[in-house]
Amino acid sequence: MREDFKALIDEVRNKQDITKEQLEAILDCSEEEEEYLYQNAREVSDSVFKKAVYLRGLIEFTNYCKNDCYYCGIRCSNRNAERYRLTKEEILNCCDTGAALGFKTFVLQGGEDPFFNDDKICDIVSSIKDKYPEYAVTLSIGEKTYESYKHFFDAGADRYLLRHETANEEHYSKLHPASLSGANRKQCLRNLKEIGFQVGCGIMVGTPYQTYEHIYEDIIFMKELQPHMIGIGPFIAHKDTPFKDQPNGSVKETLHLLALLRLIFPKVLLPATTALGTADSLGREKGILAGANVIMPNLSPVNVRSKYLLYDGKICTGEEAAECNMCMRKRIESTGYHVSDTRGDHPDF
Ligand code: SAM
Ligand code: FES
């Protein structure tokens, strides 16, 4: 272990801040050093969340998307993607299944699908909230206007996930066509926060052209935004995208960054993502042991799961919701953590 590594971690933990040089030194740390990093992340996480892990039932309700992000398997140019939409009844059925399995949050995620206009989304959200008033509804349906977000909030949506993908505009333009801008995505996040949502931003680790400098800028942006959730997972190439030959993001670097984010944002909700579980069969367990405290088991009907393929090799595409639920509960318990039966709002909410 480098002589000053412990002092470095202690400083980041105490200051809840980091310099560019410190970030590079920590992301690059050795196996021996990372144990100290993870241990500190767990101590911080445990002091806030008392070893609780929150489950969110993920409903992937449409894979139609009008956008063409270079990394994403459901981009509009991918003619091989078999498109589907769930009906409102199917979505409500997923919620019934999720409620029976003990989930207190439903996450509605989809491509940017114009079929689901504001009225349809509001109708779905309010129908869920009518039936399950005590449950949280999270939306993850991309960039919309301030007014649309306000309608969703007024219909009862509690939270919104919108990864900013990268805070650096030039890097953003290497991952997206010119019709999309990082500036608009960041503004969306600010709008969501102002409206009153619990807001999640985030990035993929190891996207093409990403540098340490970019990740540092991501942390600066997060410090400014003060999100309630931060979603990070490794980039994984999809065979039908322009990035098909690009190397996947590293599991180690993802775990190092998860732990660092826990030190800098002690109270933030931090998922151990499906992408992490895809890149490493024990990735989600390792994520919890590096400071993550949220898992999002899949609630989508089995017949559509293998169609919501953002990247190659995605796990949990053949299992029923009940199987994923049991599997995840066992996996969480194997880490010494326990599944919480609360909604798992951000501690300040
Ligand atoms: N359309 C919504 C949006 O843009 O936020 C939600 C769906 S979008 C597919 C959800 C997230 O999947 C993206 O924010 C991105 O970070 C992640 N993602 C897409 N392609 C990926 C890939 N190849 N590897 C890992 N994560 C990916
Ligand atoms: Fe889906 Fe393990 S979480 S099979």
Side-chain angles (χ1 to χ4, degrees), residues 56 58-78 81 83 85 107-116 121 138-144 148-149 152 157 159-167 171-172 174-177 179-182 184-186 188-189 191-192 197 199-210 214-215 218 227 229-251 253-254 257 271-280 283 296 298 300 305 307-315:
R56 323 291 199 201
L58 180 64
I59 305 169
E60 299 156 332
F61 70 99
T62 173
N63 72 349
Y64 282 86
C65 191
K66 67 179 169 63
N67 292 336
D68 217 12
C69 307
Y70 301 150
Y71 45 81
C72 186
I74 61 169
R75 64 199 301 268
C76 63
S77 293
N78 182 9
R83 305 288 169 173
R85 293 185 177 106
V107 181
L108 299 183
Q109 189 180 87
E112 288 197 22
D113 180 358
F115 172 85
F116 286 100
I121 295 291
T138 305
L139 291 176
S140 178
I141 52 175
E143 297 174 37
K144 309 276 174 181
S148 296
Y149 287 150
F152 303 157
R159 309 180 187 141
Y160 205 102
L161 302 178
L162 184 77
R163 290 184 175 179
H164 64 286
E165 313 297 1
T166 170
H171 185 216
Y172 196 92
K174 291 185 174 158
L175 306 179
H176 303 92
S179 54
L180 296 170
S181 83
N184 189 59
R185 207 150 171 103
K186 287 183 197 162
C188 285
L189 283 161
N191 292 346
L192 287 161
F197 283 98
V199 173
C201 66
I203 62 167
M204 288 169 278
V205 175
T207 41
Y209 319 109
Q210 185 182 57
H214 295 148
I215 299 179
D218 290 319
M229 305 167 269
I230 302 176
I232 68 160
F235 159 75
I236 303 174
H238 186 291
K239 62 181 181 0
D240 298 319
T241 64
F243 288 166
K244 63 180 186 328
D245 297 322
Q246 296 283 349
N248 291 344
S250 132
V251 170
E253 200 175 325
T254 307
L257 184 58
T273 58
T274 306
L276 189 56
T278 297
D280 178 331
M296 298 168 69
N298 202 323
S300 311
R305 281 192 191 197
K307 299 178 186 161
Y308 197 84
L309 290 184
L310 311 179
Y311 44 80
D312 290 340
K314 188 173 169 223
I315 52 169

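In each ligand, atom 1 is the first atom listed, and ligand 1 is the first ligand listed. Residue indices begin at 1 and follow the sequence shown.
For K244, there are no side-chain hydrogen bond (donor to acceptor under 3.5 Å, both in side chains) partners at least two apart in sequence or on another chain. Contacts of Y308 classified as ring pair (Phe, Tyr, Trp, His ring centres under 6.0 Å), with partners at least two apart in sequence or in another chain: none. By the side-chain hydrogen bond (donor to acceptor under 3.5 Å, both in side chains) test, S250 is found to be paired with no residue, residues two or more places apart in sequence or in another chain being considered.
Protein residues having a heavy atom under 4.0 Å from any atom of ligand 1 are Y71, C72, Q109, G110, G111, S140, G142, L162, R163, E165, R185, M204, P234, F235, I236, Y308, L310, Y311, listed by chain and number.
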- Applying ring pair (Phe, Tyr, Trp, His ring centres under 6.0 Å), run through F116 and F61 and close with a yes or a no. CA-CA 10 Å; F116 286 100; F61 70 99; 4.8 Å; yes
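Between Y149 and F152, the ring planes lie perpendicular to each other; the angle is over 60°, past the 30° to 60° tilted range. Using a 30° and 60° split on the angle between ring planes, H171 and H214 fall in the parallel class, below 30°.
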